[in-house]
Amino acid sequence: MKSASNLLAAPDLSDEKVLRAVCGLRPCRRGGLRIESDQIGSKTVIHNYGHGGCGVTISFGSAEVACDLVEESSDKGQSVAVLGAGVIGLTVALELAERGYHPTIYSEHAGNKTTSGLAGALWLPVGVEFGSDPDQQKLKKRILHRSHQRFSELDRSVYGVELMRVYEPTQSHTTHSIESDLFESGILEQPVGINSFPFECDATAGRRFDADFIHTPIFLDALMARVNNLDIPIIVHRFDDLSELEALEESIIVNCLALGSGALFNDENVYSARGVLVHLESQDLGYIVHDGYKYMFPRKDALILGGCFQEDRWDSVPDQLMIDAILNHHRRFFGQMQ
Ligand SMILES: Cc1cc2nc3c(=O)[nH]c(=O)nc-3n(C[C@H](O)[C@H](O)[C@H](O)COP(=O)(O)OP(=O)(O)OC[C@H]3O[C@@H](n4cnc5c(N)ncnc54)[C@H](O)[C@@H]3O)c2cc1C
């Protein structure tokens, strides 16, 4: 029996609290995240796409690797075109500016108007392939370490980043790779096993750990503000054909077009993993429940209920069947099914 005085508040998941449902397509790539240099016509193209379900998590680390490749093929101070203005394009443009380059961003949409704005986002490397060969695994370790360090160096109130306690039920679908990537490598402290959750619910407890939670609306606005402060131009443009790259004045291009890379660069390994989220009125709970893609994030603007990871589904309209499944899952978990 739990003592009521020690319990954390459970969420109110009643119909009256539901605000909306949203749906986004995670930009995945079979065979692994692509960060490499390519020659297309007269242009050197550095690719940085395929971040799947954890682009926010690995944004800074992958930006550093992509910018190292820019440095290998150009002189400092050069103009560089950055295609895309989701979290990946923005962090690349800022990293280039910090290294003394002159980036210009070209993109159809920017910041919170992109898929990046839909992410929760919990700092966890899930839903992404890095590739299995030793070099790719080494790269993964470097990206994770650097990204984690960069998040910890941010002015966390300005960028909307806070450390939160994450509770996982025993049957959680969290992938095993997290164990070695995060806990055994020491990036995050080892999880603690628990026998019961510190809130009313019907599930069997498993473990808890602490991880960064990124309030993406605040985070992306802060990245956009920094881009504007540094006078990095953002040119609204949609690319439909590779010949449009030749028309750019920059000879170095960093491609951060996510799913858009598939059609433009003819990469058949690019695929989407559809995610539906239900937003409820914001509730100040101070903890996360993480059960694979069925998670609950107390973001400042809304209580976010996930979700799903539907591979090769390209429809980005939330469907009622999934909305009901998400609400029922969380109501069952918290013992609130009518
Ligand atoms: C439901 C959901 C939940 C998620 N939760 C998390 C989480 O908890 N933690 C986490 O780390 N990540 C999470 N993610 C994943 C994360 O959102 C993505 O990995 C990340 O947004 C990828 O960033 P990106 O900049 O590569 O892509 P995008 O944000 O999609 O940006 C792509 C950019 O390219 C532009 N573009 C594309 N094609 C063209 C074109 N042809 N011409 C011109 N411009 C173009 C777009 O306008 C946009 O500016 C989640 C994603 C979803 C959908």
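Owing to the predicted nature of the structure, the values given are computational and were not obtained by experimental measurement.
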Straight-line distance of [X] [atom1] to [Y] [atom2], nearest 0.5 Å:
{"X": "Ser116", "Y": "Leu90", "atom1": "OG", "atom2": "CG", "answer": "7.5 Å"}
{"X": "Ile288", "Y": "Asp291", "atom1": "CD1", "atom2": "CG", "answer": "13.5 Å"}
{"X": "Tyr293", "Y": "Cys308", "atom1": "OH", "atom2": "SG", "answer": "10.5 Å"}
{"X": "Lys141", "Y": "Ser185", "atom1": "NZ", "atom2": "OG", "answer": "8.0 Å"}
{"X": "Ser79", "Y": "Tyr101", "atom1": "OG", "atom2": "OH", "answer": "11.5 Å"}
{"X": "Asn48", "Y": "Glu36", "atom1": "CG", "atom2": "CD", "answer": "11.0 Å"}

Residue pair [X] / [Y], side-chain donor-acceptor N/O under 3.5 Å:
{"X": "Ser261", "Y": "His47", "result": "no"}
{"X": "Asp155", "Y": "Ser157", "result": "yes"}
{"X": "Tyr49", "Y": "Arg34", "result": "yes"}
{"X": "His290", "Y": "Glu168", "result": "yes"}

Determine whether a donor-acceptor pair (N or O, by modelled atom type, separation under 3.5 Å) exists between the side chain of [X] and the backbone of [Y].
{"X": "Lys294", "Y": "Val289", "result": "no"}
{"X": "Tyr287", "Y": "Ala9", "result": "yes"}
{"X": "Thr57", "Y": "Pro125", "result": "no"}
{"X": "Gln283", "Y": "Asp12", "result": "yes"}
{"X": "Arg313", "Y": "Leu25", "result": "no"}
{"X": "Thr44", "Y": "Gln39", "result": "no"}
{"X": "Glu129", "Y": "Gly31", "result": "yes"}

- Which of these passes ring-ring contact (aromatic ring centres under 6.0 Å, His included) with Phe151: Phe213, Phe219, Tyr159?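 So, applying the ring-ring contact (aromatic ring centres under 6.0 Å, His included) to Phe151 and each of Phe213, Phe219, Tyr159, only Phe219 qualifies.
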Write down the atom of [X], the atom of [Y], and the distance for their closest heavy-atom approach.
{"X": "Thr170", "Y": "Ala205", "answer": "OG1-O, 2.8 Å"}
{"X": "Leu118", "Y": "Cys23", "answer": "CD1-O, 3.3 Å"}
{"X": "Ser107", "Y": "Ala85", "answer": "OG-N, 3.2 Å"}
{"X": "Pro11", "Y": "Leu285", "answer": "CB-CD1, 3.8 Å"}

- Check which hydrophobic residues are tied to Leu19 through side-chain heavy-atom contacts below 4.5 Å, counting indirect links as well, and list them.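 In the cluster with Leu19 there is nothing else; it is isolated.
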- Message: Test question: given the 4.5 Å side-chain rule for I, L, V, M, F, W and Y, name all other residues clustered with Leu264, or answer none.
- Response: Ile40, Val45, Leu83, Tyr106, Ile235, Phe239, Leu242, Leu245, Leu248, Ile253, Leu257, Phe265
- Task: Can you sort out the partners of Asp312 under side-chain hydrogen bond (donor to acceptor under 3.5 Å, both in side chains), two or more places apart, ordered by chain and number?
- Result: Arg30
- Which residues satisfy the side-chain hydrogen bond (donor to acceptor under 3.5 Å, both in side chains) test with Glu162, sequence neighbours excluded?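 Partners of Glu162 by the side-chain hydrogen bond (donor to acceptor under 3.5 Å, both in side chains) criterion, ordered by chain and then number, come out as His215.
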How about [X]: does its [atom1] atom have over 12 heavy atoms from other parts shown lying under 6.0 Å from it?
{"X": "Asp133", "atom1": "CG", "answer": "yes"}
{"X": "Asn195", "atom1": "CG", "answer": "no"}
{"X": "Glu153", "atom1": "CD", "answer": "yes"}
{"X": "Gln149", "atom1": "CD", "answer": "yes"}

- Query: Do Asp15 and Arg331 pass the salt bridge (charged side-chain N to carboxylate O under 4.0 Å, His left out) test, and can you show the C-alpha distance, the side-chain angles, and the key distance before you say yes or no?
  - Reply: CA-CA 11 Å; Asp15 280 344; Arg331 285 172 178 161; 2.9 Å; yes
- List for me each residue that meets side chain to side chain contact (heavy atoms under 4.5 Å, CB included) alongside Ile326, sequence neighbours excluded, and say none if there are none.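 Ile326 satisfies side chain to side chain contact (heavy atoms under 4.5 Å, CB included) with Val276, Val278, Leu305, Met322, His330 once adjacent residues are dropped.
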- Query: Of all residues at least two apart in sequence or in a different chain, which pass the side chain to side chain contact (heavy atoms under 4.5 Å, CB included) check with Ala258?
  - Reply: Pro27
Could you check whether [X] pairs with [Y] (Lys NZ or Arg NE/NH1/NH2 to Asp/Glu carboxylate O, under 4.0 Å)?
{"X": "Glu98", "Y": "Arg150", "value": "yes"}
{"X": "Asp202", "Y": "Arg332", "value": "no"}
{"X": "Asp68", "Y": "Arg99", "value": "yes"}

- Message: Using side chain to side chain contact (heavy atoms under 4.5 Å, CB included), reason through Gln78 and Ser251 one step at a time and then give a plain yes or no.
- Response: CA-CA 9 Å; Gln78 220 174 301; Ser251 60; 3.4 Å; yes
Should [X] and [Y] be counted in the same cluster of Ile, Leu, Val, Met, Phe, Trp and Tyr side chains packed under 4.5 Å apart?
{"X": "Leu220", "Y": "Val158", "answer": "yes"}
{"X": "Ile218", "Y": "Ile214", "answer": "no"}
{"X": "Ile35", "Y": "Val270", "answer": "no"}

- Item | Close side-chain approach of Leu13 and Leu303, heavy atoms under 4.5 Å | yes
- For Glu281, which of Arg20, Lys17, Lys300 qualifies under salt bridge (Lys or Arg N to Asp or Glu O under 4.0 Å)? Lys17
- Message: Is the ring pair Phe333/Phe199 parallel, tilted or perpendicular, if the boundaries are 30 and 60 degrees?
- Response: tilted
